[in-house]
Structures are given as C-alpha cells and as structure tokens.
Amino acid sequence: MQRNRPGDDAPRNASPGQPRRSAGPSVPRGLAARRVAAYALADVTQEHLPLDEALERQFGIGDGIALDERDRALVRAIVTAALRRLGTIHAALDARMPKGIPAKSGLLPEILIVGAAQILLLDIPDRAAVDLAVHHARADRRAFPYAKLVNAVLRRVAESREAILAETGGDDVPHWLTERWRGTYGAATARAIAGALRHEPGIDITVKADAAGWAQRLDGRLLPNGSVRLNARAHVAALPGYADGEWWVQDAAASLPARLIAATPGERVLDLCAAPGGKTAQLAAAGAVVTAVDRSPERLARLAENMTRLKLDVRTVAADARTLTGGEPYDAVLLDAPCSATGTIRRHPDVAWTKQPEEIASLAALQSALLDRAAALVRPGGRLVYSTCSLEPEEGEAQIAAFLARHADFARSPVSPEEIGGIADVIDADGQLRTLPHHLPDETPRLAGLDGFFAARLVRRKA
Ligand SMILES: C[S@@+](CC[C@H](N)C(=O)[O-])C[C@H]1O[C@@H](n2cnc3c(N)ncnc32)[C@H](O)[C@@H]1O
C-alpha cells in the first residue's frame, strides 16, 4: 500500500497530560482506543519501536492516559492483530483503492489498517469498526477529506472478509524475512512457517511437577515434552496454581534448552542471559544450585520476583556476561543468548517489523563473544547449552560450527528424541535442536505450533 507519514496535527512526543488530539464535541465511545491503536501501530511500523514500548508511550500521552484496563487490552489486541496480518490487510486495501492512499492524508493509512484489522480479525461488529474509523478520519485534520473513502473501502473489506482471509499467497512479514527463510529452509518450509505465523498461538505452561494433573486442572493438554498447552484463552494470573508458584508461562519450545542441561540435584549451573527466568526456574526446580546472570538490572529484578512467586532459590548477578570472571568453573552453563527473536513472531508479531536485516550480523558477533566467555566457565567434562529463539542460521547452526572450529576442547553432545518427548523431527543431523513455528501441528491452529528455537549441547573434553 502506498502511504505517507501519519498525520502530525500535534507533536508525537507530547508530554504526559498534554492533550495532543482535539476530541471534538461528541466523541463516540471507543474512538479513543482506535486513535491510540493507530498511533501505536505507526510507532511500530515506522519508528521500529517494539510494541510494548509503543504502548507504554501511547498510554502515557493524549487519549491513552484516560483509557481503562479493558480499552488498553483492546488497543493491544487491535495492534497485535494488525501486525500479525499486515501483508494481508495491505493487499486487501490496495485491491479496493486502485489509486493508492492519497498523499498528505495524515493518519489515513493507520485508520484504514486499524479498521480492517477489527473487521477481518477481531470479534467486533463491522458497523462499529467502520463507524469509528469514519469518526476517526473526521477528527484528523489531514484525513478529514477522506472520511467517505474510509467508509466505502472498509465496507467493501467487510463484504469480502472470507475471501480476503482465504487468500494465502501474500507475505504477512517483510519480504526480506521470507526471502531469508526461503534461502535457509527451502520454499515449502518457508511457506509453512509463514502460514503458522498467521495464527495467534495458545498459552503453554511449564509445571514444577505433576504435569498430567495440572493439564486436567487447567483444562489443557499434555504435550510430548511435558509442557501443558491450555485449551482456551485465559487470564493466567487468575488460574489455580499461579499464585502458589506451581507453574509458569513458557512456550513448549522455550522449555527444551534447559531440559538439555539435564541438571541433577546439587549441581552448580550458571544461567548466563537469564532474565526473566523461565529457564532459570526449570534448572532450579530440577534441584540445581543456580547462578542467574543478566546485564539488565531491571530484567533481573523481574527474574527475582518470578523466583519468589515460584518459591525457588537462585543467586542473581547483574553483569555483562562477556566480562564475567572468576571462581570455580561450573558443572553446566546455559547461554540463552540475546538474538533477533525471529522465532517468536507468532507471539510477538511486532518483531517482524522492528528488526532490521543488518542487526543479525551484530547479534551474531555478540553471541560469539558470549559463547567464548561461557566456554571458559565450564569445568572439564561439563556441559554447555547454547540456544536462541531465532530462525536465522547465523545465530544458530553457523554460530556453533564456528565455535567448534575455535574451541577444539569442546564437542557436540547430540540430543536424543527421548530427551524431548520423542519429537524427533526437531533434531538435525548434528544432534542439534531446530524447532520451527509449524512444528507440532494440530487441527485447531491456536493449539498448533512451536516457537522457533535453536539449541546445541556441547561437552568440554576432560583434560
Ligand atoms: C533471550 S533473553 C533470555 C531469556 C531467558 N533465558 C528466559 O528463559 O527467560 C536474553 C537476555 O540476555 C540479556 N543480555 C543481553 N546481553 C547480555 C550480556 N552481554 N550479558 C548478560 N546478559 C545479557 C538480556 O538482558 C536478556 O534478558
């Protein structure tokens, strides 16, 4: 879709409390949420701001300040849905606007996208979505002349909803990503990945013990790896066992790297990029004596809060793992490294729009430095597990191949299917883990899939 910059009737970085959009005499219920959604969408797609940051920014200014919890949840749902199917939405609008979006039309592109996302993807009556978009256009100085166009285009989108959603040809993520995946995995797998990313994933949890029992109590299903996948959407903090610290939310694939450590009670394990602590919790729950390191004090504080809820005892260290020194080497080290996170686009569709191709090389350099430091902290005979939630081989397979070329004292310790509940198709020829978003299929799309993870287990040869 041809587009111009969003309307800037008032400064986008207006300070909190300062009204920046004039509401007009009669503001229909729900308009404020749509306006905030449109601005947050622009923050993500144009300024490459992660969605959480965009929402925090927008909830702190203008209309956002007055939104209650329900409206804020609605804003998040609208923007998330729009980002998940942005290619589909652009194509649907393009097909109904042969001349493209008029130039200098303010927030018009975002108004149309927010309207189309509600019509196509959310349980919101078409009429409400169209009317609010028209009101929104009327309230935006530059979009004002196009209010009738908004009405006509969105009505046509509503008329063709099923056909639009059945169309699977286009990309919903930026072209550079699909091109990359085609080159890495081949055309058929790249298509399957793109298909899986179109669906909102379900909620997976990791339990301390009695996974089958918790699957029953929480109305979930037990996955082969021992995770529980909830059958329905839920407000997790209100579910039984949450306040008592019996379980935590963690994608089934994200639970695999810590399982590969196979920690035994009393072993000393170092978790190098640990926050917010899903993997730390697994290690501690297995009885290991865990030291959790993270560079971010804020994220480490969240980890500590999580461990308190889970009643798990973990030592925390705020430090840059690249310069971590000292002490006795560890029985095992987990390095769940910072990465492009392209494997988590199902859960975080903003990642597709906030990451830039050039970031992959700089992240790979950081991972390589972290790996070298991690290796020095493993005792002879000890294990090193490296993982990333990236689909990019530079952050996975190629990273480990380069590491082994630099470190003759390490060798792969291949993963066996039994260790991960028999999900054999996620193990590559070198015994490494490579999960992809379309793995673990299910008839119900929301109950299918895994985040995309890479993990390799290495052992340090005995001297
Ligand atoms: C992928 S997240 C870790 C997720 C975590 N392992 C879990 O399972 O919850 C990567 C973490 O690495 C941290 N990080 C990034 N660079 C780091 C560095 N140089 N040293 C230590 N931690 C770092 C980030 O703050 C972030 O919390």
Side-chain angles (χ1 to χ4, degrees), residues 50 52-53 204-206 208 225 227 236 247-261 263 269-286 288 290-310 312 314-326 330 332-348 351 354-355 359-360 362-377 384-392 395-396 399 433 435 450-456:
D52 285 341
E53 284 178 40
D204 292 350
I205 65 172
T206 301
K208 277 186 187 164
N225 71 311
S227 295
V236 287
W247 49 262
W248 56 100
V249 173
Q250 184 179 45
D251 184 87
S255 78
L256 299 178
R259 287 181 207 272
L260 302 188
I261 293 270
V269 179
L270 178 64
D271 186 357
L272 268 183
C273 289
K279 300 177 188 69
T280 311
Q282 287 178 275
L283 299 168
V290 184
T291 301
V293 177
D294 203 282
R295 182 166 65 173
S296 159
E298 296 78 25
R299 288 175 63 89
L300 206 58
R302 260 181 69 204
L303 177 144
E305 270 170 35
N306 289 336
M307 295 310 127
T308 303
R309 177 179 67 83
L310 295 169
L312 294 170
V314 166
R315 186 167 87 94
T316 58
V317 178
D320 187 328
R322 286 171 295 183
T323 53
L324 201 67
T325 49
Y330 289 82
V333 176
L334 172 62
L335 173 58
D336 184 38
C339 68
S340 62
T342 53
T344 68
I345 291 173
R346 274 181 346 137
R347 296 193 184 280
H348 306 288
V351 166
T354 55
K355 286 291 180 295
E359 283 175 68
I360 290 170
S362 56
L363 283 163
L366 169 62
Q367 292 149 7
S368 159
L370 285 165
L371 258 171
D372 286 345
R373 192 64 216 134
L377 299 166
L384 169 59
V385 169
Y386 168 81
S387 61
T388 54
C389 54
S390 165
L391 298 176
E392 317 315 315
E395 303 182 89
Q399 190 65 261
L433 218 68
T435 61
L450 288 174
D451 279 358
F453 260 81
F454 171 83

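Numbering of ligands and ligand atoms starts at 1, following listing order.
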Which ligand 1 atoms are under 4.0 Å away from a heavy-atom of [X]?
| X | value |
| --- | --- |
| Gly277 | 7 (C), 9 (O) |
| Pro276 | 9 (O) |
| Asp320 | 18 (C), 19 (N), 20 (N) |
| Arg322 | 19 (N) |
| Ala319 | 20 (N), 21 (C) |

Reported SG-to-CD distance for the pair Cys339 and Glu359, which is rounded to 0.5 angstrom: 11.0 Å

Distance check, rounded to the nearest 0.5 Å: Leu300 atom CG versus Asp294 atom CG?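 With rounding to 0.5 Å, CG (Leu300) is 6.0 Å from CG (Asp294).
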
Can you figure out which of [options] has its heavy atom closest to [atom]?
| atom | options | value |
| --- | --- | --- |
| atom 13 (C) of ligand 1 | Val293, Asp271, Asp294, Asn306 | Asp294 |
| atom 1 (C) of ligand 1 | Thr388, Asp336, Thr344 | Asp336 |
| atom 8 (O) of ligand 1 | Arg302, Arg299, Lys279 | Lys279 |
| atom 21 (C) of ligand 1 | Arg295, Arg373, Gln250 | Arg295 |

For ligand 1, find out whether one of its N or O atoms is nearer than 3.5 Å to an N or O atom of [X].
| X | answer |
| --- | --- |
| Leu366 | no |
| Cys273 | yes |
| Ala321 | yes |

Heavy-atom side-chain contact between Arg347 and Asp204 under 4.5 Å: yes

Non-hydrogen side-chain atoms of Asp451 and Arg346 separated by less than 4.5 Å: yes

Test side-chain contact (heavy atoms from CB on, under 4.5 Å) applied to Val293 and Leu270, Val333, Leu335, the passing residue: Leu270

Show your working on side-chain hydrogen bond (donor to acceptor under 3.5 Å, both in side chains) between Thr206 and Gln282 and close with a plain yes or no. CA-CA 8 Å; Thr206 301; Gln282 287 178 275; 5.1 Å; no

For atom 15 (C) of ligand 1, which protein heavy atom lies nearest, and how many Å away is it?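 So the nearest neighbour among protein heavy atoms is Pro338 CG, 3.5 Å.
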
All pairs passing salt bridge (charged side-chain N to carboxylate O under 4.0 Å, His left out) where residues 272-281 contributes a residue, at least two apart: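 Only Lys279-Asp336 qualify under salt bridge (charged side-chain N to carboxylate O under 4.0 Å, His left out).
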
Any chance the side chains of Asn225 and Ser227 put a donor and an acceptor closer than 3.5 Å? yes

Tell me the closest heavy-atom pair linking Ile261 and Ala332, and the distance in Å. CG2-CB, 3.9 Å

For ligand 1, the portion of Ala254 having any non-hydrogen atom under 4.0 Å away: neither

